*Asks:* 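Here it is, the structure, as structure tokens.
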Amino acid sequence: MRLQPPLGLCSATLNNVPELPEVETIRRQLDPLLRDCSVQQVWAFDSPKFTSAHQALGSRLQGVRRRGKYLLIDLDPAPDPSPAPALAPAPAQHPDRNHVVESSPGVAARELIVHLGMTGRLSVSSTGSEHPSTTVSSLTSWEQSTRVESSSSQRHLRAVWVLDDGRSLFFDDVRRFGRIAVVAAGEHQSLATLAALGPEPFDDDFTADYLRQQINSTKRSVKAQLLSQRVVAGLGNIYVDEALWRAQVHPAAKRITKVQSMKLRRDIQEVIAVAINNGGTTLRNYRDAEGSAGSNQHHLQCYGRAGQDCLRCGTTLRRILIDARATVFCPRCQRR
DNA sequence: CCAGCAGCCTGAAAGC
DNA sequence: TGCTTTCAGGCTGCTG
């Protein structure tokens, strides 16, 4: 039997947010499920954060990509001969852009962008499911809000895309921190964080020299920098704490050495790779596209372990606030 | 331009 | 037991 820490020390209220490994897990599951499906009907929760979902109506879903914590679903015009009602003509603006979209005249390639926020979940109903969403007619009642509000499983539904084969893609999000947008392909200005996103952890240009230059070029802490998404894409509170613990860098440090930058880059990559292999981290909310929990929570060495012993030196891990974020670190291993 | 911070939002847990 | 307060967190937009 495993001994539990005193109640006051364990993080009983931890909510984990989908970060890069969780979003990548969902992407891998959704990609083969959605490819080449057309959107026949859309329902969206009445909020500016979600109503853009309607703009995917009539489009065909191509591959599901990921940038940082954002899911990008490529949209092509549906092959159906009748013109899709939601498709806008090619925008006349953006004459400065180099990449002219080579598509059928008058129709620009677009992307359906989904950010899961803190509690967002995407799932696909199986064919022939008795879920009310799988029939187009039932959407009418959803729009009247009666069924959406009636059951707990549908209470936090924010968008539904009904596909041409009878299945549906669902987005539910308890706390409404998620976001849906449809934009012209590659045009991300309306999503500031996405537009300014740094390199992916496994990109060639995410080098130790680049990392050190970025961290050392501002007055902000290394933790705040890594959370900003501008230095490297996809890290959130869990994996920043894990990577800094492994690299033995104090989260409040404002400068790192060359040796630290080499280790930190490598540890960011390892923490992310291990988490992806484990299907992400589930502390409370996170579920993948199949409704399953990840298993990486069993591999966390620092995050959520405040008050417990450091697995490296035995010192009691401390919890502090940095950038208004709960931060766990080892005061002995991670000296400033 | 940059850094810091309030606000968004809800449910669970702690506190009274 | 039941009510109130606190907390978690990614991102946006405002302020100094």
Side-chain angles (χ1 to χ4, degrees), chain A residues 4-24 26 45-52 66-71 113-122 148-149 152-159 171-181 183 188-198 213-242 251-255 280-287 297 300 302-307 319-328:
Chain A
Q4 296 295 326
L7 198 60
L9 294 179
C10 78
S11 302
T13 58
L14 285 178
N15 281 320
N16 70 299
V17 163
E19 304 181 32
L20 190 159
E22 291 75 30
V23 177
E24 176 62 19
I26 292 167
F45 183 81
D46 186 16
S47 154
K49 287 181 169 185
F50 308 113
T51 50
S52 299
R66 180 192 58 73
R67 265 294 273 143
K69 304 174 196 174
Y70 292 83
L71 282 167
I113 300 175
V114 178
H115 193 289
L116 299 175
M118 297 186 61
T119 53
R121 291 183 193 170
L122 282 167
V148 173
E149 302 296 336
S152 62
S153 65
Q154 295 173 24
R155 193 169 53 201
H156 305 300
L157 207 53
R158 305 305 174 201
F171 179 60
D172 68 78
D173 181 15
V174 172
R175 286 157 81 169
R176 298 191 227 164
F177 276 40
R179 187 168 172 185
I180 295 169
V183 303
H188 297 156
Q189 304 98 316
S190 59
L191 298 104
T193 302
L194 176 59
L197 217 51
Q213 185 272 324
Q214 290 285 309
I215 298 295
N216 293 354
S217 66
T218 76
K219 297 173 182 171
R220 306 187 72 191
S221 68
V222 60
K223 166 129 186 180
Q225 287 267 73
L226 294 177
L227 285 174
S228 76
Q229 309 300 306
R230 299 175 72 108
V231 174
V232 59
L235 301 189
N237 213 24
I238 294 177
Y239 300 113
V240 168
D241 277 11
E242 290 294 306
K254 291 181 166 54
R255 294 186 64 85
T281 300
T282 297
L283 297 173
R284 179 185 299 275
N285 294 302
Y286 167 70
R287 294 291 184 278
Q297 61 276 17
L300 297 180
C302 182
Y303 180 85
R305 295 192 65 248
R319 178 187 182 279
I320 58 175
L321 279 183
I322 294 182
D323 227 28
R325 299 292 155 74
T327 301
V328 180

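Here the structure is a predicted model, which means the values were calculated and not measured. In what follows, every chain begins at residue 1, and chains take the letters A, B, ... in the order their sequences are listed.
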*Asks:* Atom OH in A:Y286, atom CD in A:E19: separation rounded to 0.5 Å?
*Replies:* 11.0 Å
*Asks:* Rounded to the Å, how far apart are A:R121 CZ and C:dG10 P?
*Replies:* 17 Å
*Asks:* For a quick test of reading the model, state the closest non-hydrogen atom pair linking A:P18 to A:K69 and the distance between them.
*Replies:* O-CD, 3.8 Å
*Asks:* Might you point out which heavy atoms bring A:L194 and A:H188 nearest each other, and give the distance in Å?
*Replies:* CD2-CG, 3.6 Å
*Asks:* Kindly point out which of B:dC9, B:dG4, C:dT12 is positioned nearest to the side chain of A:R175?
*Replies:* B:dC9
*Asks:* If only side-chain N and O atoms of A:R220 are considered, is one of them under 4.0 Å from the OP1 or OP2 phosphate oxygen of B:dC2?
*Replies:* no
*Asks:* A:R176 has an atom CZ; how far is it from atom C1' of C:dG10, in whole Å?
*Replies:* 17 Å
*Asks:* Which is true for A:A326 with a 4.0 Å heavy-atom rule: it touches a base, it touches only sugar-phosphate, or it touches nothing?
*Replies:* sugar-phosphate
*Asks:* Give every pair of a protein N or O atom and an N or O atom of nucleotides 6-8 of chain B that lie under 3.5 Å apart, one pair per line with the distance.
*Replies:*
none

*Asks:* Rounded to the nearest 0.5 Å, what separates atom OG1 in A:T193 from atom CZ in A:R179?
*Replies:* 8.5 Å
*Asks:* Find the distance between CG (A:D173) and NZ (A:K49) and round it off to the nearest 0.5 Å.
*Replies:* 8.0 Å
*Asks:* In whole angstrom, what separates A:L20's CG from C:dC11's C1'?
*Replies:* 17 Å
*Asks:* Starting at CG of A:L116 and ending at P of C:dG9, how long is that distance when rounded to a whole Å?
*Replies:* 17 Å
*Asks:* Return no unless some side-chain N or O of A:K69 is found under 4.0 Å from OP1 or OP2 of C:dC11.
*Replies:* yes
*Asks:* In whole angstrom, what separates A:M118's CE from C:dC7's C1'?
*Replies:* 10 Å
*Asks:* Atom CZ of A:R230 and atom P of C:dG10: how far apart are they, to the nearest Å?
*Replies:* 17 Å
*Asks:* Looking only at non-hydrogen atoms, find the nearest pair between A:R325 and A:N237 and report the distance.
*Replies:* CB-OD1, 3.9 Å
*Asks:* List every contact pair, protein side and nucleotides 14-16 of chain C side both N or O, where the distance is under 3.5 Å.
*Replies:*
none

*Asks:* Please state whether the phosphate of C:dG9, meaning OP1 or OP2, lies under 4.0 angstrom from any side-chain nitrogen or oxygen of A:Y303.
*Replies:* yes
*Asks:* At 4.0 Å (heavy atoms only), tell me whether A:T218 reaches a base, stays on the sugar-phosphate, or touches nothing.
*Replies:* sugar-phosphate
*Asks:* Starting from the 5' end of DNA chain B, give me the residue, A:A324 or A:V174, whose nearest nucleotide shows up first.
*Replies:* A:A324
*Asks:* CD1 of A:I238 to SG of A:C302: how many Å apart, nearest 0.5 Å?
*Replies:* 11.5 Å
*Asks:* Taking the minimum atom-to-atom distance to the side chain of A:Q229, which one of B:dG11, C:dG10, C:dC11 wins?
*Replies:* C:dC11
*Asks:* What heavy-atom pair brings A:K223 and A:T327 nearest, and what distance separates the two atoms?
*Replies:* NZ-OG1, 3.1 Å
*Asks:* May I ask you to evaluate whether A:R179 reaches the phosphate of C:dG10, defined as a side-chain N or O under 4.0 Å from OP1 or OP2?
*Replies:* no
*Asks:* Does C:dT5 pair with anything, Watson-Crick or G-U wobble, both distances under 3.5 Å, and if so, with which nucleotide?
*Replies:* B:dA13
*Asks:* So, taking the atom named CD in A:Q214 and the one named CD in A:Q225, what distance separates them when rounded to the nearest 0.5 Å?
*Replies:* 7.0 Å
*Asks:* Check the phosphate of C:dC11 against A:H115, side-chain N and O only, distance under 4.0 Å to OP1 or OP2. Yes or no?
*Replies:* yes
*Asks:* Once you measure the plane-to-plane angle for A:F45 and A:F50, does it fall in the parallel (<30°), tilted (30-60°) or perpendicular (>60°) bin?
*Replies:* perpendicular
*Asks:* Mind calculating the distance between CG (A:L227) and C1' (C:dC11) to the nearest angstrom?
*Replies:* 11 Å
*Asks:* Considering only C:dG9, B:dT10, C:dC11, which nucleotide approaches the side chain of A:H156 most closely?
*Replies:* B:dT10
*Asks:* Quickly work out the A:N237 CG to C:dG10 C1' distance and round it to whole Å.
*Replies:* 10 Å
